[in-house]
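No experiment lies behind these values; they were computed from the predicted model shown.
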Amino acid sequence: IFLNIINKELENGLTILVHEDKSDPIVYLGVTYHTGSSREIHGKTGYAHLFEHMLCMGSEHAPNKGQWNFVEQAGGMTNASTSYDETNYFQVFPSNYLERIMFLESDRMGYAFNELNQKTLDAQRGVVKNEKDQVSRSPLSTFMILEKLFVNFFPPNHPYNWPIIGYAEDLDRASLDDMKDWLKRWYVPNNATLVVSGDVDTKNVVELANKYFS
């Protein structure tokens with residue numbers, strides 16, 4: 001096993017972390033945006049998580065869940081998550097698909113704006129509200145316990161006061177312009193970290209990052 005970890009920053013501010021591990025011919029590639037529910041305000045909660053759902057639906061050169069479908073068809077897995085302070089998009093896939101996945105992930109960062117539309121917003125709003133309803137049904141669920149704990153523990157003006165998934169009434173009022181503003185404000189290279197780990201060559205990863213993310 002050959003291990004190597006480097007931390008590099010591109011001229012546009014994107015941070016790159018590379019970890020070489022040749023033990024298996026697979027790669028983990030993720031982009032973490034340093035924004036989550038703590039960047040919201042009362043009356044506009046749940047926007048980070050809702051936007052995460054929207055951005056999984058496709059970008060300009062990979063519409064209709066193009067990236068998601070490609071990774072799964074290549075034998076990999078992909079998903080995303082939102083926390084109070086970050087939103088993470090990640091996938092694990094055979095290492096021979098590294099360049100294609102690098103391109104697709106850069107497309108999500110740079111070319112998602114034109115794919116944001118009202119139909120997608122309405123659909124994903126419904127998905128998120130259904131998700132919230134499902135996890136809220138049990139008063140003993142971890143979700144409900146944490147929501148009550150954080151709301152009562154942090155004062156109203158603290159960015160951890162509201163639940164990550166937001167409130168239903170706030171999700172209802174979220175507009176397409178709100179989602180586009182969220183993209184333009186937070187989904188930029190100097191607010192993101194690209195992590196590549198697995199069967200890769202560090203120099204090649206940096207070259208591909210410059211090619212697709214610069």
Side-chain angles (χ1 to χ4, degrees), residues 2 4-36 48 50-82 86-117 119-121 123-124 179-180 182-214:
F2 175 66
N4 181 32
I5 301 174
I6 68 106
N7 183 334
K8 183 178 178 61
E9 186 175 298
L10 298 186
E11 290 185 5
N12 60 14
L14 177 70
T15 299
I16 308 170
L17 296 176
V18 185
H19 168 225
E20 287 189 24
D21 182 349
K22 307 288 188 177
S23 59
D24 290 295
I26 58 174
V27 175
Y28 167 94
L29 188 152
V31 174
T32 297
Y33 295 91
H34 306 290
T35 181
L50 175 58
F51 186 76
E52 172 218 310
H53 275 250
M54 289 192 68
L55 212 60
C56 287
M57 294 300 104
S59 51
E60 186 169 327
H61 302 100
N64 302 317
K65 296 185 70 174
Q67 179 171 351
W68 192 292
N69 293 333
F70 177 81
V71 173
E72 291 192 341
Q73 289 166 8
M77 62 78 64
T78 182
N79 214 327
S81 64
T82 302
E86 63 183 34
T87 306
N88 188 32
Y89 301 85
F90 58 92
Q91 46 258 303
V92 178
F93 52 89
S95 55
N96 56 308
Y97 289 108
L98 175 62
E99 182 164 4
R100 177 67 66 87
I101 302 300
M102 192 81 84
F103 160 71
L104 290 170
E105 199 58 60
S106 71
D107 201 59
R108 173 151 41 199
M109 180 184 290
Y111 293 90
F113 189 86
N114 292 332
E115 283 300 304
L116 300 180
N117 57 72
K119 182 178 179 181
T120 300
L121 172 58
Q124 294 310 307
M179 297 296 100
K180 289 183 175 181
W182 192 269
L183 171 67
K184 290 188 290 184
R185 182 173 186 180
W186 301 114
Y187 280 66
V188 290
N190 61 0
N191 194 48
T193 300
L194 168 67
V195 178
V196 181
S197 176
D199 182 24
V200 297
D201 175 76
T202 298
K203 181 180 178 181
N204 182 47
V205 171
V206 174
E207 289 174 350
L208 291 174
N210 270 298
K211 179 177 180 180
Y212 292 112
F213 286 90
S214 289

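When each of Asn79, Thr78, Val31 is paired with Phe90, the side chain to side chain contact (heavy atoms under 4.5 Å, CB included) condition holds for Asn79 and for no other. Just one of Val27, Leu29, Asn204 meets the side chain to side chain contact (heavy atoms under 4.5 Å, CB included) condition when paired with Met102; it is Leu29.
The two residues Phe70 and Leu104 have their closest heavy-atom pair at CD2-CD1, 3.8 Å. Considering every non-hydrogen atom in both Glu115 and Glu60, the closest pair reads CG-N, 3.5 Å. Residues Ala112 and Leu183 approach most closely at C-CD2, 4.3 Å, considering heavy atoms. What you find for Met54 and Asn117 is that their closest heavy atoms are CE-O, 4.1 Å. Taking every heavy atom of both residues into account, Phe213 and Glu105 meet most closely at CZ-C, 4.0 Å.
Between atom NZ of residue Lys203 and atom CD of residue Glu20 there is a gap of 12.5 Å, rounded to the nearest 0.5 Å. For the atom pair CE (Met109) and CG (Leu14), the distance works out to 5.0 Å, reported to the nearest 0.5 Å. With values rounded to the nearest 0.5 angstrom, Ile26 atom CD1 is found 9.0 Å from Ser197 atom OG. Once rounded to the nearest 0.5 Å, the distance linking OH of Tyr111 with OG of Ser59 reads 10.5 Å. Glu11 contributes atom CD, which lies 13.5 Å from atom CG of Asn190 (distance to the nearest 0.5 angstrom). Between the CG atom of Leu55 and the OH atom of Tyr33 there is a distance of 7.0 Å, given to the nearest 0.5 Å.
Checked by atom type, the side-chain pair His34/Thr193 shows a donor-acceptor distance below 3.5 Å. With no hydrogens or angles considered, no side-chain donor-acceptor pair links Glu86 and Thr32 at under 3.5 Å.
Relative orientation of the Phe103 and His61 rings is tilted, given thresholds of 30° and 60° on the angle between their planes.
Of the possible donor and acceptor atoms, none in the side chain of Asn88 sits under 3.5 Å from a partner among the backbone N and O of Gly30.
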Could you walk me through whether Glu52 and Thr87 pass the side-chain hydrogen bond (donor to acceptor under 3.5 Å, both in side chains) test, one step at a time? CA-CA 7 Å; Glu52 172 218 310; Thr87 306; 5.9 Å; no
